[in-house]
Amino acid sequence: MIGGLFIYNHKGEVLISRVYRDDIGYVFQDVVGWRNAVDAFRVNVIHARQQVRSPVTNIARTSFFHVKRSNIWLAAVTKQNVNAAMVFEFLYKMCDVMTAYFGKISEENIKNNFVLIYELLDEILDFGYPQNSETGALKTFITQQGIKGQTKEEQSQITSQVTGQIGWRREGIKYRRNELFLDVLESVNLLMSPQGQVLSAHVSGRVVMKSYLSGMPECKFGMNDKIVIDKQGKGGASDDAGKSGKQSIAIDDCTFHQCVRLSKFDSERSISFIPPDGEYELMRYRTTKDIILPFRVIPLVREVGRTKLEVKVVIKSNFKPSLLAQKIEVRIPTPLNTSGVQVICMKGKAKYKASENAIVWKIKRMAGMKESQISAEIELLPTNDKKKWARPPISMNFEVPFAPSGLKVRYLKVFESKLNYSDHDVIKWVRYIGRSGIYETRC
Amino acid sequence: MPAVSKGDGMRGLAVFISDIRNCKSKEAEIKRINKELANIRSKFKGDKALDGYSKKKYVCKLLFIFLLGHDIDFGHMEAVNLLSSNKYTEKQIGYLFISVLVNSNSELIRLINNAIKNDLSSRNPTFMCLALHCIANVGSREMAEAFASEIPRILVAGDTMDSVKQSAALCLLRLYKTSPDLVLMGEWTSRVVHLLNDQHMGVVTAAISLITCLSQKNPDEFKTCVSLAVSRLSRIVSSASTDLQDYTYYFVPAPWLSCKLLRLLQCYPPPEDGAVKGRLVECLETILNKAQEPPKSKKVQHSNAKNAILFEAISLIIHYDSEPNLLVRACNQLGQFLQHRETNLRYLALESMCTLASSEFSHEAVKTHIETVINALKTERDVSVRQRAADLLYAMCDRSNAKQIVAEMLSYLETADYSIREEMVLKVAILAEKYAVDYSWYVDTILNLIRIAGDYVSEEVWYRVIQIVINRDDVQGYAAKTVFEALQAPACHENMVKVGGYILGEFGNLIAGDPRSSPLVQFNLLHSKFHLCSVPTRALLLSAYIKFINLFPETKATIQEVLRCDSQIRNSDVELQQRAVEYLKLSSIASTDVLATVLEEMPPFPERESSILAKLKKKKGPGAVSVTELEDSKREGGELNGGGDRGPDTSAMSASNAVSRHSVTSNLSYVFQSTPSPSADLLGIRSSAPAGTAPASAGNLLVDVFSEAGPAAPSAAVNDDGFLRFVCKNNGVLFENQLLQIGIKSEYRQNLGRMYLFYGNKTSVQFASFTTSVSCPGELQSHILSLNVQTKQVEPLVEGGAQIQQVLNIECLTDFSDAPLLNIKFRYGGALQNLTLKLPVTINKFFQPTEMSSHDFFQRWKQLSQPQQEAQKIFKANHSMDTEVLKAKLLGLGTALLDNVDPNPENYVCAGVIQTKGQQVGCLLRLEPNAQAQMYRLTLRCSKDSVSRRLCELLAEQF
């Protein structure tokens, strides 16, 4: 039960405030009520002297859950002991919905669309309980153009759809071409020791779909999940068990879109669902085993006296030569008393950015199984501080056209019994994108 | 960025600052700062030498970044380089950076000190000032070490410019405050005093701050400043407002200087020189006169400046406390302020009047403003002003206006702020007690108090009523009647129920004749409140019930019924259950005779200091209730303050009677010793004879009083000075309150003694103008040559938490009976504190023990057989009659304890010789305890009759 939801700009001014329950005000023992809750968050979190790192803050027995999108703070407030995961899930959904409606979440966009936001908030939270937050469904009755003379039938249709069993999809959708887009988006996180030992690594991935299908199709999604493959291997008397064993992946945990039938997943571990119309996130997952690390960073830092530092960094791409990695950026931190930097690199561009205390090396494209190197000479100003430089890790950004977790889509079948199109008539597109999360190597 | 303009504009700095101001977020600001830092680093690192201007600019930027809260770890060297520049602005920025950023243990300090030295020895006044400011701003010990000797020289040198002198004086003041040990007094001190005569007012203003500080530490060395200050003051006061030009502030001539002069004079006693004094009085009169003049300007600054001087003058008048005329005039002036529009003025007037009220000269004058003050109490909007008004009412109260003031305070209580209610209640209670002429008024007042502000009435207040009612026969009937009536109100406070229960339990019989308050009606009334009360009150009520059984046998059946019911006899609270069970048994088993003895009426309480007064002292420190006032209350309330510090829980009392007289039902006494309720504590003390240890569940005043005495002299009655506690011991704590602790260590040999006094400041604030003096009242002076106070006077400043020591040498010339008085004065937080204590120097301290055989003893005993040589006293034991304790006390007395002398081994026999300078006085002592009756017979025979009388008086209090 969320007591209220506030949206602030970076100065701590309230842009949107929607209170669902009275209790959040009373804590602060004032006639003005929730106004104080609003101020409490601004004072204790946004303008806090120390940066507040915890997403949950408890002030005067009231909990504030916040997420930050660029310069905008979204804070859900409650006095009760709620499920924090639920609140955050809601906040993320809220962000998704807003992005779907008006693009980037920025102060200007929020100010321009405040009526819409209040409308959305009225719809997706009732008395503090989250309701239907499916963008596609919401878009049918909350529009930016205003609702033009809907007929009685259409209105009743909306009611039955919102209250019905399949709230995320309305009936009677028709497309001339049945199309389906499937994106596997992964971000790979790594922390590596200077000697090349992996200290921690995991991949968090999402399967995002865009479906343009007629009627009420039933879909079935299959991937190289280790449990499924093993089961088939055992049941189906194994044609090539060795090969499939290698290619299956162990998924640590996953969550699904509400359209997925969980009972079926629990019993058969098969993912079947009636998809919402348009774009949605089918599932999220995380893996930690057998991760393909797209890049290896080899740092070499040498201190020459008190006033000089030599840095050499080699990066090696570690995937099929036919693939191309993009948007590669290596960030090499420099000491705080740097007074001058000379950089030489073979490929791409490198620059010392004083405002960020780092050398930033950018490479547009790089094929697999290649290597490249940069060397820099850093001049230092002697200081009277005896503190040693902490040597923060070298971090890296990139984008590769494959899934570092090794996930493969095996099939996506569409069944629509009422309308006369079959699985073969659906045009399907699959794309894999692997991005860097926090990809760091200590030096 | 290149330095475009070479002027002082520092465009780069302005651009940088405006960039930072325009940053939208913290991240952006950090980015901008990082960029700037990198730029400065590359500039400083660059091979090209920077010119002064850019160096200054970058150092300035660094300073700005530092002040924004970021760490700066370079640029110090560049700043130090700036110091040696010849341009004022560059030097200034260098000094600024150093005073903000360089910490004392930096390696650069040597370079910096060198630069400062150069500047100090330069002839350029601005450079000297910059250097002095830097020293003062840093003010570290290292700075003091390097320059403490240099600065006084600059200060008193004849050719120093005025502006430099000002800076030097203030700089020296700063160094003196941080490390007084390094600033050595020398020949310059006398010349500093003469700066008061300087032509330049600025120099005088700066110098006087220094002199005030120095003279607080060494008043003697700066004594000469008094006459100089007076003449300076008179010159300012008598000058027309146009004379001083620059130093005239809104038509007031040199207000700051005047205030400082007046404050300096407050460090000293009134000048002895008649001429000087005359001049000073004239000045003060002029200041008072000026306050009467119509204001020369409507501006608030004008009146502020004028009033600042006036209030400082008034506090000087109060400090001197010797000019009745001035005091009365000051009082009248303050009276006018009482009705002023400005709340602050009213506050200050009330505050100053509080101090005026304690002066004997102006007490009457203060009293004339009673109506205004009462009005202030009622109508002031600001609670702090009301608080002051209440304080003042309390201070101005005496016999003549007590009834009015108490009535006003009572009526104010109903609407008073919660924060001051408890204090108000205490004050009302004290005033009512102190100035009570008839007790019915007193009882009425206190009952009213409980009715109005029951929640704020502390235990002590109602203990006190009971003590007084018990001790005064004539009010008992009235009290019972009033209490009975008060209890009839549908809702009455629990404290009222307590008082009611106690008083009706004791004196219910006095009103039982009236059919409207027949025993059963009384009982039913009490019992109707029973279920609404907390456990301690219920326990008290149970005791009242058992007393009822004794008082009115006809209620026995009803009360037994009540005691027998499950809610009592099976109560989940152990104390209540046990009382119910035992009282029930007691009432059914014991005969009426036994009941009558066990449940006899309470004996009167011994005389003690009012517990409420102790509580108020505890609350406020002695500032609010000065010692004179305490003594006052003793004198005036003597006949009334019958009470002691015992908690008057009926049960406790009755049981203690039982224990001491008949040792009835051992389990009854057990109840009270074992149960952890507060009443048990009280009793524990009373009947602690066997254990000798008070079960100190402290927090209770009463317990404190006893435990303080310690086992060496258990529970000597706390007299105002703790004087009597020291008859039998030489070391201990003489006095203690919230501010100050005074410890004593003394040793005596023959007729000589040495006493160490330790004054400990218990607060975290320093005491200013701390002075002590020892005086010998009356003829004592000729009897005891004492007190050539050794070491110099105690330090006038006692830092928070510090302890200082003073040594007194004492010589006994001849026997004496009085004790010397120790007077302590000091300022705590601006308020003058004044304490007078009796020093525990008694005649027995000069005892030499004499061992003798039984035969010798009785021979001498017979020799001293003249009636005036013998003093005898029979008295009740106040404390435990434990043999070991008694022996320890007698040895502490200084005599020899003789064994096997008296035929009765129970008796104690002692002998000793008192050594005075002129003669020796032999003393024989015999103490015969009677354990059954808890009595002692003390007999003393001395060769001198006055000695035996005095010793007898002293000793009678000890056992």
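So that the names make sense, note that chain A is the first sequence line, chain B the second, and so on, each numbered from 1. All heavy atoms count here, side chains included; hydrogens, waters and symmetry mates do not.
Within the 4.5 angstrom heavy-atom criterion, no atom of Gln51(A) approaches chain B. Proximity to chain A (any heavy atom under 4.5 Å) is shown, for Lys24(B), by both the backbone and the side chain.
More than 12 heavy atoms of other shown residues, nucleotides or ligands fall within 6.0 angstrom of atom NZ in Lys347(A). Taking a 6.0 Å sphere around OH of Tyr118(A), one finds it holds more than 12 heavy atoms contributed by other residues, nucleotides or ligands. Environment of CG in Leu68(B): crowded, with over 12 heavy atoms of neighbouring residues, nucleotides or ligands closer than 6.0 Å. Enclosure of atom CZ in Arg421(B) by more than 12 non-hydrogen atoms of other residues, nucleotides or ligands within 6.0 angstrom is indicated. Around atom NZ of Lys68(A), more than 12 heavy atoms belonging to other residues, nucleotides or ligands sit under 6.0 Å away.
The residue among Leu336(A), Leu380(A), Asn71(A) with the most heavy atom pairs within less than 4.5 Å of chain B is Leu336(A).
Annotation for Ser42(B) and Ser339(A): closest pair CB-O, 3.0 Å, computed over non-hydrogen atoms.
Proximity of Asn34(B) to Glu356(A): side-chain heavy atoms (C-beta onward) are nowhere separated by under 4.5 Å.
Distance NE2/His47(A) to NZ/Lys26(B): 10.5 Å, rounded to 0.5 Å.
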